[in-house]
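Everything below concerns the one structure shown next.
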Amino acid sequence: MDLAKVLVIDDEEIARISCQRVLKREGIQVAMASTGREGLDMLMREPPDLVLVDLKMPEMDGVEVARRVRSFDPNIVTIIITGYATIESAVAVMKEGAYDYLPKPFTPDELIIVVRRGLEKRRLDRESRALREEKAAMERNFITMVTHQLRSPMGAIFQYLEVLLSDIGGELTQMQREMLERAKERLEGLLQLINDWLDMSRIQAGEILNRLQAVPVGSCIDAALTGLDFTAQQKGIELTTEISPALPPVQVDPDSFREVLSNLISNAIKYNRPDGYVRIRASEREGWVVVDVEDSGLGIEEKEIPFLFEQFFRGKDKEVRRQEGTGLGLAIVQRIVQAHGGKIEVKSDYGKGSTFSVFVNKADA
Ligand code: ADP
């Protein structure tokens, strides 16, 4: 393992030398500078793990050195040696990004303890950074794996089932047809799950903020309704839209926002009753543009409301369970809304219906 590197910056030679002697005995590599400027020059040429700097120095003091070290590389740990260790000076020093301070006079053991603690922090920071990077790389690989290795073969299986069901491969008995239909339905569910899951990963990749633009709410709602109006009609559900006059445009990523609305509208249709209604309203409230999706459906039990937005959560109600679902829709909705800096609220009356309200920024905000 590499030796830990410490840079000692102190205008008093005797102080520098004694720190060096103590730390070298501990197997630490020590560099020394007599002014802040010289120390910073050395630090940029060969960054140390830790800087030990005296608070009181002519020209550039320890607080200023700590500030510059932090702006050069916030991962370098700075410890300030102070002659007058008052609480105020310690607080001031820590505010400038120093990790710790050492009041003078100090014994060799005190110096060792403080430096060791600083080096340990540096090591832990490094390890957690490496773990975070490793985790992000694994997630990226996993997404690629899912997309190519799972989705493509499943798409192929789907095609084969369709071909078999069209009798091209020979006539099917009633029983074979039913089994293949069931296989196809299950596969559709699985493909939906993978697509939802991929959507979720894409939101985490944080691209939404780069795609924000001003869009009229009406066009987002129209885009979200494509296809769903037909589903509603088939189930005999009345679908209405009402947009307040002179409503300002919203600041959204149009594709993601359409997905939010279509998820909410599709739930409102899915968890509705025959001949029910879905009312979509867009208006301005509390400085936000709010889209309410109100349904006359099953409603949600009070105790389930806190869990609605969790990944894979599905209501316990047996009417809910009769519908196909992955339990990812609302988790995706919430992530997208939060990535926009917005929020989502739910009001529900169990057995009567629910209203999901999405709050997003106005474009001129
Ligand atoms: P899914 O619909 O695939 O189950 P969602 O994340 O979209 O997943 O929804 C999670 C759960 O929230 C649903 O299983 C259901 O219990 C409840 N839910 C969502 N929207 C409604 C709604 N409009 N009315 C009643 N329950 C709802």
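For clarity, every value in this text was computed on a predicted model and none was experimentally measured. In each ligand, atom 1 is the first atom listed, and ligand 1 is the first ligand listed.
Taking a cutoff of 4.0 Å between a charged side-chain nitrogen and a carboxylate oxygen, Arg285 and Asp292 qualify as a salt bridge. Remark: Arg37 engages Glu59 in a salt bridge, criterion side-chain N to carboxylate O under 4.0 Å. A salt bridge between Arg122 and Asp49 is present, with a side-chain N of the basic residue lying under 4.0 Å from a carboxylate O of the acidic one. A salt bridge is absent between Arg129 and Glu133: the closest approach of a Lys/Arg side-chain nitrogen to an acidic carboxylate oxygen does not fall below 4.0 angstrom.
Ligand 1 lies under 4.0 Å from heavy atoms of Asn267, Ala268, Lys270, Tyr271, Asp295, Gly299, Ile300, Leu308, Phe313, Arg314, Gly315, Val320, Gly325, Thr326, Gly327, Leu328, Gly329, Leu330, Ser354, Phe356.
Contacts of Glu64 classified as side-chain hydrogen bond (donor to acceptor under 3.5 Å, both in side chains), with partners at least two apart in sequence or in another chain: Arg67, Arg68.
The closest side-chain heavy-atom distance from Arg123 to Arg126 is not below 4.5 Å.
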